[in-house]
A.B. asks: 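One structure is given below, represented as structure tokens, and several questions about it will come after.
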Amino acid sequence: MDKQTILRQYFGYDSFREGQEFLIDSILEGRDVLGIMPTGAGKSMCYQIPALLMNERWGGITLVISPLISLMKDQVEGLNQAGVHAAYLNSSLTQGQYRKALSLASQGRYPIIYVAPERLMTGEFLDFAVHAPIAMVAVDEAHCVSQWGQDFRPSYLKITEFIDRLDTRPVVAAFTATATKEVREDIIDLLMLRTPALITTGFDRANLYFGVMTSKDRYQTIKNYLECHPGESGIIYCLTRKTVEEICSRLKGEGFPVTRYHAGLGDEERKQNQEDFIYDRSPLMVATNAFGMGIDKSNVRFVLHCGMPKNLESYYQEAGRAGRDGQPAECILLYSGQDVRTNQFFIENNQDNQELDEITRRMIAERDRERLRRITFYCATNDCLRDYILRYFGEYRENYCGNCSNCLSQFETKDVTQTAQSLIGCVESCRERYGVNVILDTVHGANTEKIRGYRMNENPFYGKQAAVPVHLLRQVMNYLLMHEYLTLTNDEYSIVKLAGKAADVLSGKEKVEMKLPKTQPHPAKIAGRESSGGSGDRASRRRGTAAGVDLTADQQALFEKLRALRMEIARAEKVPPYLIFSDRTLTHMCLLRPETREEMLKVSGVGEYKYEKYGERFLACVREEGSGSY
Ligand code: ADP
Ligand code: ZN
């Protein structure tokens, strides 16, 4: 067999995606590789295909090191579904099961074995490994080896020690979705990759729509959204456990198929709820950021953030759980000014780094404040959101994507020089002593105790912009901070200071112009399509579609039937529905309406093995629907 045949027969796909072929070929040539690709790009295929080829050619076995039990389980089930023998070795097995798996592994039963890093240096495992023809060690989530990232795992440092124990050094293939230079260098150094073939595919996830909006009543906004996306699976992230509880119970009360997840629940319940979500028994998950590591569910159609996360790294990771099947999916952040304060509180009261010394702790807090600021600007910007994210990760492109709430809204350029002069003037005249809110309140002319206490009611700029609504003042303030007219101190007080371009604005030498929404920025109600603005248009485009592709009413009806059949099979076989066929595959079936085996095998995601298992039933379902509609 060759790689193309394997892709077709086992996985049911016709062509490789960006980077896959290069990495597969390099591995087959015996070269180490490092693949840096965003979530959903198809990293697994890059090691699974050469693993199968090396196994077929000379019985070589591939070990896949993976940090999380749930991730391993999912991958192994997926492979088994595709007709590949694979196993995992981790602490979820009983001693008996573990021995059994190892013994089958020694007999060469599994071309691919997933193993937890903690197992590598144990006597039993070593005993197996030194006697087995290990062809490759594939390191998944390779950034876990680096202390720069957020997911450092000391046990990843044992990987090289393990490799040293083997008689023949296997190919080492590392994969991650984390792009920063420090992490990349750490991976190469600490895993001792030998002149690896390196590929970094872009970080863009073109199928994801990004949106930011504020909303007076977040619960209502979420509810509207869910009502417009019936049957779809999605995650609603909240900042606190309390919000999770609140939103989950209200949604449940209104009959939505929802479950919850946060660190305050018992192990048993967390496990159960996670499974309910993965198996689509409760396709809606309300959770804190404790949820998600290792969630490989491919048919998540939206990720709503009820509140701004602490930084863009977390946001992109969490939002990125949408649309892993490559089908259109939506990532919407519901933002309010309070979120900044909540996150500031988390930073100032961070208990995670108790064992660190004072200086390091202070450095971490500073870094966190800076990251928080950058995501606050994400929520405030009127420029392309995708562009903002990609720039943050060091990728530069045009400031237009056509698939985010800003690109789809109408803006006009306005001269805000006078407002800017008042804000900057106020900062200067109070001798750079106060934070954003005091400045805004002063310029707006708020008559509060705090303002009087600071005697800002005597400031020459007091009330100067009383006619400008506060939210607009805030937008201008954010613009000035983003574009280096003003800056904030990087301590817990966040004092507004003058920056490089301030003087020219005050002297009238420089005009300040910014993009503002054309219709008054009363933030679009996500699902209340009555509102103006791009997100409404966009949402209605997606309305009534199953997996984000526009289906006709007939096709949509077929999709629902296929989805029900998938659920029925999933229940009977006790596997997650998306492992049987992805949403994308079902959608493709609706478009092609296959009537024969041959036609069914043309559907993306239907390989021969899966055809043998499920093909006839899905064919029957398509045929039945066809005859019914005429
Ligand atoms: P990653 O590990 O990079 O996050 P996965 O390996 O889980 O991504 O792949 C994401 C999805 O893309 C999976 O559903 C996978 O089957 C699919 N996929 C991978 N390669 C291809 C391909 N060449 N053509 C179509 N789909 C693919
Ligand atoms: Zn855009």
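Atoms within a ligand are numbered from 1 in the order they appear, just like the ligands themselves.
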A.B. asks: Would you say G42 has any N or O atom under 3.5 Å from an N or O of ligand 1, going by distance alone?
C.D. replies: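 Yes; the residue has a nitrogen or oxygen that sits under 3.5 Å from a nitrogen or oxygen of the ligand.
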
A.B. asks: Under the ring-ring contact (aromatic ring centres under 6.0 Å, His included) test against F302, which residue among Y209, Y225, Y237 passes?
C.D. replies: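 Only one of Y209, Y225, Y237 forms a ring-ring contact (aromatic ring centres under 6.0 Å, His included) with F302, namely Y225.
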
A.B. asks: Pairing donors with acceptors under 3.5 angstrom, does anything connect the side chains of K271 and N273?
C.D. replies: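 Note: K271 and N273 side chains miss the donor-acceptor criterion.
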
A.B. asks: Taking the non-hydrogen atoms of S604, is any one of them nearer than 4.0 angstrom to ligand 1?
C.D. replies: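 Flag not set, S604 not near ligand 1.
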
A.B. asks: Name the one of R205, R584, R301 that satisfies salt bridge (charged side-chain N to carboxylate O under 4.0 Å, His left out) with D325?
C.D. replies: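 The salt bridge (charged side-chain N to carboxylate O under 4.0 Å, His left out) with D325 is passed solely by R301 among R205, R584, R301.
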
A.B. asks: Under a heavy-atom criterion of less than 4.0 Å, does C46 contact ligand 1?
C.D. replies: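 No; C46 lies far enough from ligand 1 that no heavy-atom distance drops under 4.0 Å.
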
A.B. asks: Can you tell me if R17 has a non-hydrogen atom under 4.0 Å from ligand 1?
C.D. replies: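 Distance cut 4.0 Å: R17 passes for ligand 1.
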
A.B. asks: In sequence, state the C-alpha distance, the side-chain angles, and the governing distance for F581 and F618, and then conclude on ring-ring contact (aromatic ring centres under 6.0 Å, His included).
C.D. replies: CA-CA 10 Å; F581 286 130; F618 280 86; 5.0 Å; yes

A.B. asks: Nearest protein heavy atom to atom 11 (C) of ligand 1, by residue and atom, and its distance?
C.D. replies: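 Residue, atom and distance for the closest contact: R324 O, 3.4 Å.
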
A.B. asks: Around atom 20 (N) of ligand 1, find the nearest protein heavy atom and jot down its residue, atom name and distance.
C.D. replies: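 The closest heavy atom on the protein side is Q20 NE2, 2.9 Å.
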
A.B. asks: Please examine the side chains of K610 and T585, heavy atoms only from C-beta on, and report whether any two atoms are closer than 4.5 Å.
C.D. replies: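 No, every pair of side-chain atoms sits at 4.5 Å or beyond.
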
A.B. asks: Using a plain distance cutoff, I'd like to know if R584 has any nitrogen or oxygen under 3.5 Å from a nitrogen or oxygen of ligand 1.
C.D. replies: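 The answer is no, given that R584 and ligand 1 share no N or O pair closer than 3.5 Å.
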
A.B. asks: From the options Y614, Y10, Y609, select the one residue that forms a side-chain contact (heavy atoms from CB on, under 4.5 Å) with Q81.
C.D. replies: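 Of the listed residues Y614, Y10, Y609, the side-chain contact (heavy atoms from CB on, under 4.5 Å) partner of Q81 is Y614.
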
A.B. asks: Nearest to atom 5 (P) of ligand 1, what protein heavy atom do you find, and at what distance?
C.D. replies: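 Here the closest protein heavy atom is S44 OG, 3.6 Å.
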
A.B. asks: What atoms in ligand 1 come closer than 4.0 Å to a heavy atom of F16?
C.D. replies: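 With F16 as reference, the close atoms of ligand 1 come out as 23 (N).
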
A.B. asks: A41: heavy atom below 4.0 Å from ligand 1, yes or no?
C.D. replies: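 Judged by the 4.0 Å heavy-atom criterion, A41 does count as contacting ligand 1.
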
A.B. asks: Using the six-membered ring wherever Trp is involved, compare the ring planes of Y315 and Y378 and label them parallel, tilted or perpendicular (cut-offs 30° and 60°).
C.D. replies: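 If you compare the ring of Y315 with that of Y378, the planes turn out tilted.
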
A.B. asks: Please work out the angle at the Zn ion (ligand 2) defined by atom SG of C407 on one side and atom SG of C404 on the other, rounded to 10°.
C.D. replies: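 For SG of C407 and SG of C404, the angle centred on the Zn ion (ligand 2) reads 100°.
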
A.B. asks: Report the nearest protein non-hydrogen atom to atom 19 (C) of ligand 1: residue, atom name, distance rounded to 0.1 Å.
C.D. replies: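 So the nearest neighbour among protein heavy atoms is M45 CE, 3.4 Å.
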
A.B. asks: For a side-chain hydrogen bond (donor to acceptor under 3.5 Å, both in side chains) check, start with the C-alpha distance between Y578 and D74, then their side-chain angles and the critical distance, and finish with the verdict.
C.D. replies: CA-CA 11 Å; Y578 64 90; D74 206 75; 2.6 Å; yes

A.B. asks: Pull out every atom of ligand 1 sitting under 4.0 Å from any heavy atom of S15, numbered as shown with elements.
C.D. replies: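 Once the distances to S15 are compared, the set is 22 (C), 23 (N), 24 (N).
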
A.B. asks: Whether the N299 and D280 side chains hold a donor-acceptor pair (N or O, under 3.5 Å, no angle test) is what I'd like checked.
C.D. replies: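 Distance-only check passes for N299 and D280.
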
A.B. asks: Using heavy-atom distances, let me know which of Y578, Y13, F175 sits nearest atom 14 (O) of ligand 1.
C.D. replies: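 Looking at heavy atoms only, the winner is Y13.
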
A.B. asks: With respect to V64, which candidate in Y47, Y88, F175 satisfies the side-chain contact (heavy atoms from CB on, under 4.5 Å) definition?
C.D. replies: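 With V64 as partner, Y47, Y88, F175 yield a single side-chain contact (heavy atoms from CB on, under 4.5 Å), made by Y47.
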
A.B. asks: If the cut-off is 4.0 Å to any non-hydrogen atom of P38, which atoms of ligand 1 fall inside it?
C.D. replies: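 Answer, ordered by atom number: 3 (O).
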
